[in-house]
2 protein chains.
Amino acid sequence: MKKRVVPGHVLATEIPDVVIQRLPLYQRTLSLMSKEGVEVVSSFRLGELLGSTPAQIRKDLSYFGRFGKQGTGYDVSYLADRVKQILGLEKEWPMALVGVGRLGQAIARYPGFAAAGFRIVALFDTDPEKVGKRVEGIAIQSVEEMPQALKAEDIQIAILAVPADRAQPVTDLLLEGGVKAILNYAPISLLRVPPDIVVRSIDPVLVLQSMTFYLNSY
Amino acid sequence: MKKRVVPGHVLATEIPDVVIQRLPLYQRTLSLMSKEGVEVVSSFRLGELLGSTPAQIRKDLSYFGRFGKQGTGYDVSYLADRVKQILGLEKEWPMALVGVGRLGQAIARYPGFAAAGFRIVALFDTDPEKVGKRVEGIAIQSVEEMPQALKAEDIQIAILAVPADRAQPVTDLLLEGGVKAILNYAPISLLRVPPDIVVRSIDPVLVLQSMTFYLNSY
DNA sequence: CACTGTGAATTGGTTCACAGCC
DNA sequence: GGCTGTGAACCAATTCACAGTG
């Protein structure tokens with residue numbers, strides 16, 4: 001639960017995960033500013049836009065290098081590019097989606113992934129009824145074929161949208177296929193994976209359930 | 001960005017937000033165990049099931065009271081109930097959904113919310129084409145009517161599924177309508193709200209973009 | 001002179017370790 | 001004996017504050 005393994009081609013060890021999680025937010029705002037023609041930004045201004053502090057932003061960036069100019073700030077488009085590079089967002093990432101039920105179909109049809117360079121290139125489902133059908137032009141394959149298919153296409157990222165009780169066995173097959181990162185939508189407490197595999201879960205119900213604590217429920 | 005206000009009917013002040021965010025996970029596992037007939041659980045066992053440590057679980061629970069029995073552990077169904085109560089999950093929560101586009105419709109149709117006691121009772125959209133149409137039996141209302149409609153139904157929670165550039169103005173209207181908690185799906189960096197309003201964002205693209213850092217992108 | 005980059009100080013969260021109890 | 005509950009010790013993350021620089 002605690003330790004992750006970092007590839008670290010730029011001696012990336014020891015960078016806190018919270019920092020990594022903030023970078024995409026920085027990246028998005030920087031790209032937007034760049035598109036709007038803003039050329040320079042200070043950590044102070046960036047903090048305002050992101051709801052963060054100048055110190056936090058400077059410290060975060062300092063893990064990766066020295067990107068700013070004293071007295072001036074940061075070159076927006078340069079910094080946007082560097083952060084993109086740090087995150088590995090300069091290439092397109094092919095992804096697999098497992099579970100083509102209601103939720104899975106919504107995910108398959110969501111244009112936001114492709115817009116950010118994440119392309120769903122393979123669909124899998126257990127239901128024989130669904131296998132062979134197409135969604136967004138992609139044929140649904142059987143989960144049994146998954147390990148080979150994943151290897152063949154060299155897919156490292158998978159989105160999991162299966163029922164909770166199928167999540168672990170399907171995960172095992174994903175790992176067999178060489179997947180290294182899983183975005184999990186299944187409402188399961190714990191997905192068992194080796195320590196070098198990244199798992200992140202999205203569960204809106206859990207989020208709602210923590211928000212109600214702060215509401216007056218008298 | 002840092003401070004939140006806690007209602008605190010049980011002197012809830014000073015409870016870290018991370019703790020609150022873990023409680024729903026505990027609750028889910030406990031309810032499941034209870035349904036399976038498990039009567040007693042130790043912090044050690046619970047930690048195994050949740051991918052957490054015994055100390056973490058005991059410490060978390062100790063913020064709210066003493067629920068266990070030394071030498072034995074916790075009564076599963078009792079603890080499940082208590083955590084539910086702490087989180088305010090004993091009542092049904094009516095919710096509004098703003099933005100009935102592709103994503104919004106998927107959310108409206110997702111059965112998981114209602115199953116957890118979160119019922120979408122009002123839909124809003126700006127598009128005059130959509131106003132009046134029904135989704136899941138609920139008529140879509142105009143965003144202009146929102147503040148009054150929210151007050152009339154005493155809705156405290158809203159789900160935001162509008163385009164990024166509409167997020168802030170729509171949020172302002174939600175606040176005008178008395179909404180206290182917002183689950184935000186819009187890909188926006190910062191939603192400006194007063195400090196007593198809870199906002200949580202769900203953005204799968206950001207999650208993917210942070211995962212790629214850990215992949216070999218050579 | 002206005003900003004960055006960064007050690008040092010501080011704050012916040014987790015884990016330890018043990019006293020107390022069933 | 002086996003477990004909880006909890007201060008104390010530890011570790012991690014944020015913020016401070018200032019030296020260094022274009």
Side-chain angles (χ1 to χ4, degrees), chain A residues 1-4 6 10-23 25-26 30 33 38-76 78-80 82-83 86 210 213, chain B residues 1-6 10-23 25-26 30 33 38-76 78-80 82-83 86 210:
Chain A
M1 202 215 184
K2 208 78 294 158
K3 283 281 123 276
R4 327 155 274 93
V6 167
V10 204
L11 356 168
T13 334
E14 299 318 315
I15 296 168
D17 193 71
V18 269
V19 172
I20 303 302
Q21 295 190 40
R22 281 191 292 263
L23 292 185
L25 213 57
Y26 298 174
L30 288 164
M33 293 178 83
V38 183
E39 290 184 354
V40 169
V41 70
S42 66
S43 60
F44 183 86
R45 178 67 185 136
L46 247 191
E48 279 184 341
L49 294 170
L50 291 164
S52 179
T53 64
Q56 170 105 266
I57 289 167
R58 292 203 303 274
K59 178 67 98 178
D60 283 357
L61 294 175
S62 77
Y63 282 104
F64 305 97
R66 314 171 57 146
F67 306 121
K69 276 198 192 21
Q70 280 110 324
T72 313
Y74 300 90
D75 180 294
V76 172
Y78 172 71
L79 185 57
R82 293 307 309 270
V83 176
I86 291 162
S210 69
F213 176 79
Chain B
M1 205 219 180
K2 207 78 294 159
K3 281 282 124 274
R4 323 154 279 93
V5 170
V6 167
V10 203
L11 351 171
T13 333
E14 299 318 314
I15 297 167
D17 194 72
V18 268
V19 173
I20 304 301
Q21 295 190 39
R22 282 191 291 263
L23 291 186
L25 213 57
Y26 297 175
L30 288 165
M33 293 178 83
V38 183
E39 289 183 355
V40 168
V41 70
S42 65
S43 60
F44 183 86
R45 178 69 184 133
L46 205 45
E48 280 185 340
L49 294 170
L50 290 163
S52 178
T53 65
Q56 172 103 266
I57 288 167
R58 294 203 303 274
K59 178 65 98 178
D60 282 356
L61 294 174
S62 77
Y63 282 104
F64 305 97
R66 314 172 56 145
F67 306 122
K69 277 198 190 26
Q70 280 109 326
T72 313
Y74 301 89
D75 180 294
V76 172
Y78 172 71
L79 185 57
R82 292 308 308 271
V83 176
I86 291 162
S210 69

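Sequence lines set the chain letters: A, B, ... in the order given, protein chains first and strands last, and positions in each chain run from 1. It should be emphasised that the depicted structure is a prediction, and the values quoted were computed from it without experimental measurement.
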Item to check | Interatomic distance where CD belongs to Gln21(B) and P belongs to dT14(C) [whole Å] | outcome: 11 Å
Item to check | Point-to-point distance, once rounded to the nearest 0.5 Å, from CG of Leu61(A) to CZ of Phe67(A) | outcome: 6.5 Å
Checklist outcome for this item: The reported gap from OH in Tyr63(A) to CZ in Arg58(A) (rounded to nearest 0.5 angstrom) is 14.0 Å
Between protein and nucleotides 16-18 of chain D, what N or O pairs are separated by less than 3.5 Å?
unit_1  : atom_1 : unit_2   : atom_2 : d
dA17(D) : N6     : Arg58(A) : NH2    : 3.3

Next on the checklist: Regarding Phe67(B), tell me which of base, sugar-phosphate or nothing describes its non-hydrogen contacts under 4.0 Å with the strands shown.
Outcome noted: sugar-phosphate
Item to check | Atom-to-atom span, OH of Tyr63(B) to C1' of dT4(D) - whole angstrom | outcome: 16 Å
Item to check | Student check: side-chain heavy atoms of Leu49(A) and Met33(A) closer than 4.5 Å | outcome: yes
Checklist outcome for this item: Rounded to whole Å, CG of Asp17(B) lies from C1' of dT14(C) at a distance of 16 Å
Item to check | Atom-to-atom span, CG of Leu61(B) to C1' of dG13(C) - whole angstrom | outcome: 16 Å
Item to check | Spacing of CG belonging to Asp60(A) relative to OH belonging to Tyr26(A), to within rounding of 0.5 Å | outcome: 3.5 Å
Checklist entry - With respect to the side chain of Gln70(A), which nucleotide from dT4(C), dT6(C), dT14(C) is positioned closest? => result dT4(C)
Checklist entry - Rounded to the nearest Å, what distance is computed from the CG atom of residue Asp60(A) to the P atom of nucleotide dT4(C)? => result 14 Å
Item to check | Side-chain N,O (Thr72(A)) to OP1/OP2 (dC3(C)) below 4.0 Å | outcome: no
Checklist entry - Has Ser42(A) got a side-chain N or O lying under 4.0 Å from the OP1 or OP2 atom of dC3(C)? => result no
Checklist entry - How do Gly68(A) and Arg66(B) order along DNA chain C: which one's closest nucleotide is nearer the 5' end? => result Gly68(A)
Next on the checklist: Once you apply a heavy-atom cut-off of 4.0 Å, does Phe44(A) come out as touching a base, just sugar-phosphate, or nothing?
Outcome noted: nothing
Item to check | Rounded interatomic separation in angstrom, taking CD from Glu14(B) and P from dT11(C) | outcome: 13 Å
Checklist entry - From Glu39(B) CD over to Thr72(B) OG1, what is the distance, rounded to the nearest 0.5 angstrom? => result 12.5 Å
Item to check | Heavy atoms from other residues, nucleotides or ligands near CD of Glu48(B) exceed 12 (cutoff 6.0 Å) | outcome: yes
Checklist entry - Once you round it to whole Å, what is the distance between P of dG22(D) and OH of Tyr78(A)? => result 15 Å
Checklist entry - Roughly how far, to the nearest 0.5 Å, is the CD1 atom of Ile57(B) from the CZ atom of Arg22(B)? => result 9.0 Å
Checklist entry - Where the side chain of Ser62(A) is concerned, which of dG13(C), dT6(C), dG5(D) is the nearest nucleotide? => result dT6(C)
Checklist entry - Atom NZ of Lys69(A) and atom P of dC1(C): how far apart are they, to the nearest Å? => result 22 Å
